[in-house]
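Note sheet for the following structure.
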Amino acid sequence: QVHLVESGGGLVQAGGSLRLSCATSGRTFSTSTMGWFRQAPGKERDFVAAITWSGGNTLYTDSVKGRFTISRDNAKNTVYLQMNSLKPEATAVYYCAVRPGVGAPRYDYDYDYWGQGPQVTVSS
């Protein structure tokens, strides 16, 4: 089993920044992709960003490119999402997820393990 514990959510004004962290424990994998998704009230869960094991490949949804940065520290089994220039439409529950193996998919069904999802609220 894999356990994911996220932190860093909260309330921020538009234009501000937040950094989410997701620490994993339990079963480990030789390679894995880690992703971030978000779900706004009344909407489906959407892809935000993903990063491959080496960190050499990252993928972002268009709406966050240039403002969000995903990174990982494999020694700490942790993935981060730095969110800058936040907009009110970024308000959502943010989930980190793990996909054993290679590839950087943007679909939630491609990920096997999920965190609990901290709330991020951006006020206008």
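Numbering of residues begins at 1 and proceeds along the displayed sequence.
- Sorted by first then second residue, the side-chain hydrogen bond (donor to acceptor under 3.5 Å, both in side chains) pairs that include residues 64-76, not counting sequence neighbours, are S32-R72, D62-K65, R72-N74.
- Judged as a ring-ring contact (aromatic ring centres under 6.0 Å, His included), not a single pair has a partner in residues 55-88 (not counting sequence neighbours).
- Under the 4.5 Å side-chain heavy-atom criterion for Ile, Leu, Val, Met, Phe, Trp and Tyr, V93 and I70 are members of distinct hydrophobic clusters.
- Between the OH atom in Y95 and the CD atom in E6 there is a gap of 8.5 Å [rounded to 0.5 Å].
- The two residues P100 and D112 have their closest heavy-atom pair at CD-OD2, 3.2 Å.
- Of all the heavy atoms in V5 and Q116, the pair that sits closest is CA-OE1, 4.0 Å.
- A50 approaches P105 most closely through the heavy-atom pair CB-O, 4.2 Å.
- In the hydrophobic cluster analysis, where Ile, Leu, Val, Met, Phe, Trp and Tyr join through side-chain heavy atoms closer than 4.5 angstrom, V12 is grouped together with L81.
- The two residues M34 and V98 make their nearest non-hydrogen contact at CE-CG2, 3.8 Å.
- Every residue two or more places apart in sequence or in another chain that forms a ring-ring contact (aromatic ring centres under 6.0 Å, His included) with F37 is listed here: F47, Y111, W114.
- Residues L4 and Y113 approach most closely at CD1-CB, 3.7 Å, considering heavy atoms.
- When side chains are defined from C-beta on, T52 does not count as touching V102, because their heavy atoms never get closer than 4.5 Å.
- Of all heavy-atom pairs between L18 and L86, the closest is N-CD1, 3.8 Å.
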Solution key, residues 20-28 side-chain donor-acceptor pairs under 3.5 Å, sequence neighbours excluded:
| unit_1 | atom_1 | unit_2 | atom_2 | d |
| --- | --- | --- | --- | --- |
| T24 | OG1 | N77 | O | 3.2 |

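- Using a 4.5 Å cut-off on side-chain heavy atoms (C-beta onward), T61 and D46 make no contact.
- For residues 83-108, the pairs satisfying salt bridge (charged side-chain N to carboxylate O under 4.0 Å, His left out) are R45-D108, R99-D110, with sequence neighbours left out.
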Using a 3.5 Å cut-off and no angle test, enumerate the donor-acceptor pairs between side-chain atoms of residues 117-124 and protein atoms at least two apart in sequence or in another chain.
| unit_1 | atom_1 | unit_2 | atom_2 | d |
| --- | --- | --- | --- | --- |
| Q119 | NE2 | A92 | O | 3.4 |
| Q119 | NE2 | T121 | OG1 | 3.4 |

